[in-house]
Amino acid sequence: MTRYILGLESSCDDTSAAVVDEHFRVLAVRTVSQTNLHALFGGVIPEIAARNHIAWIFPTIDKALVESGVAPADLSAVAVTNYPGLLGSLLVGVGAAKGLAIGWGKPLIAVNHLEAHIHSPFLGRSERPKPPYLALVVSGGHTTLMEMGEGTATVLAETMDDAAGEAYDKIAKIAKLPYPGGPAIDKIAQTGNPERYALPHLMRSGRFKDTLAFSFSGIKSAVKRILEDEGDTVALADLMAGFQSRIVELIERRLTAAWEQRSYTALVVAGGVAANSAVRRMAQEFTGKRRVPLYLPELTYCQDNAAMVAATAFPKLDRGEFSPLDLDVTATCRPQTK
Ligand code: KG4
Ligand code: ZN
């Protein structure tokens, strides 16, 4: 009999529920985005996010279940993101998942949000990479390089300041571009000349040069200064093209360095910024040169969604990795130890 998992995701500002089967087929995924609410502030306001998760979590679960045609009794487990993320937001999904697991008598499976993003390219596909493979999660909350082993996920490097998507969103706000900034900058950058402005090459020198760490504060400050100095006369498309090219250049340098340490079987690039046209192009060229497969999520699965949470839970279901019903949440990338 085919096994099904109900996944829930509420770690930031998307309320999502999905039913996925053991072949990673997505039977239903429903996501309520709060982008329009947070656009008023140019960034996610945690209290507003948590309140809206409370309003939307059960209607979203209902819709996903009805659309999937799977009865609660036929589910093998309820999976939920419990870290990392905004605490108030995480608590809503985890509270709902616990209640359903108790009420339906189903196992509860806790999922790391970053691992979930890494599973997003596998949705609706039959093939998956063999460990060890390299995975990069680039989103509004994370820029994290991970080594994926057999049932293990090791963080190789993280950002020392902003996440890549956060840098996009902050620069877009200063440039008076729409929120979220990533898609807006990506669009305008495609018409610009990246060499017009002399922008710094990120972490090409200095004491972090030979690490795998990321930092976007240098490019953010440089672009902010130009925007403030030049005001309305700025060549915005050229400046945004330069900003984007420096970010992609750093990501490529870090992937190259990680690959020099160990040759991996495949590359996964996931998260909101994996929707970026220049990031996707760079990743295709990177893996093309090394003749290894590239796993990129479909555009709809780049943003936060519960289908990737349910998919991530299947190997855990196989290994019997269930969570206690007093499951807690954690803001950071490290799992909670009791
Ligand atoms: O994964 P996600 O939906 O939420 C987080 O977990 O953060 O990612 C949202 C982020 C935002 O910062 C948004 O600006 C960025 O992804 N983003 C992009 C693009 N589309 C979304 N950044 C660059 N280029 C894009 N095309
Ligand atoms: Zn995310």
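One-based numbering, in listed order, for ligands and for the atoms of each. Keep in mind the model is a prediction, meaning the values are calculated, not measured.
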Exercise. Against heavy atoms of Gly141, which atoms of ligand 1 measure under 4.0 Å?
Worked result: 7 (O)
For this session: Name the closest protein heavy atom to atom 26 (N) of ligand 1, giving the residue it belongs to and the distance to 0.1 Å.
Result: Asp186 OD2, 3.0 Å
Exercise. Would you find a donor on one side and an acceptor on the other, under 3.5 Å apart, between the side chain of Ser10 and the backbone of Thr15?
Worked result: no
For this session: Using the ring of Phe243 (Phe, Tyr or Trp, six-membered ring only), decide whether Arg246 places NZ or CZ under 6.0 Å from its centre and within 45 degrees of its axis.
Result: no
Exercise. For Tyr168 and ligand 1, does the shortest N/O to N/O distance drop below 3.5 Å?
Worked result: no
Exercise. Where the side chain of Asp21 meets the backbone of Tyr4, is there a donor-acceptor pair that is under 3.5 Å apart?
Worked result: no
Exercise. Is it the side chain (CB and beyond), the backbone, both or neither of Asp304 that lies under 4.0 Å from ligand 1, heavy atoms counted?
Worked result: both
Exercise. Which atoms of ligand 1 have any heavy atom of Gly165 under 4.0 Å away?
Worked result: 12 (O)
Seminar exercise, completed: Sorted by chain and number, protein N/O/S atoms nearer to the Zn ion (ligand 2) than 2.8 Å are His113 NE2, His117 NE2, Asp304 OD1
For this session: Starting from atom 18 (C) of ligand 1, locate the nearest protein heavy atom and write down its residue, its atom name and how far away it is, to 0.1 Å.
Result: Gly182 CA, 3.4 Å
For this session: Output yes when Glu228 and Lys224 qualify as a salt bridge under the 4.0 Å nitrogen-oxygen rule, no when they do not.
Result: yes
Problem set entry | From the candidates Gly272, Ser120, Gly140, the one that places a heavy atom nearest atom 7 (O) of ligand 1 | Gly140
Problem set entry | Which atom of Pro194 lies closest to which atom of Ser245, heavy atoms considered | CB-OG, 3.9 Å
For this session: May I ask you to decide if the ring planes of Tyr264 and Trp259 are parallel, tilted or perpendicular, using 30° and 60° as cut-offs?
Result: perpendicular
For this session: Give the residue and atom name of whichever protein heavy atom lies nearest to atom 12 (O) of ligand 1, and the separation in Å to one decimal.
Result: Asp169 OD2, 2.7 Å
Seminar exercise, completed: Within 4.0 Å of some non-hydrogen atom of Gln303, the atoms of ligand 1 are 3 (O)
Seminar exercise, completed: Under 4.0 Å from one or more heavy atoms of His113, ligand 1 contributes atoms 6 (O)
Problem set entry | Min heavy-atom dist Cys12 to ligand 1 below 4.0 Å | no
Exercise. Is the cationic atom of Arg128 (NZ for Lys, CZ for Arg) positioned less than 6.0 Å from the six-membered ring centroid of Phe24 and within 45 degrees of its normal?
Worked result: yes
Problem set entry | Gap between atom CG of Asp304 and atom NE2 of His117 - 0.5 Å precision | 4.0 Å
Exercise. Are His119 and Phe122 close enough that their ring centers fall under 6.0 Å?
Worked result: yes
Problem set entry | Spatial distance of atom CG (Leu177) from atom CD1 (Ile171) [nearest 0.5 Å] | 10.0 Å
Exercise. So, Ser16 side chain and Asn305 main chain: donor-acceptor pair closer than 3.5 Å or not?
Worked result: no
Problem set entry | Of the listed options Pro84, Cys302, Ser139, closest to atom 5 (C) of ligand 1 (non-hydrogen atoms) | Ser139
Exercise. For Asn276, is at least one N or O under 3.5 Å away from an N or O on ligand 1?
Worked result: yes
For this session: Any chance you could measure Ile118, atom CD1, to Leu136, atom CG, to the nearest 0.5 Å?
Result: 8.5 Å
Exercise. Does His142, backbone or side chain, put an N or O under 3.5 Å from an N or O of ligand 1?
Worked result: no
Problem set entry | Any donor-acceptor N/O pair, His53 side chain to Cys12 backbone, under 3.5 Å | yes
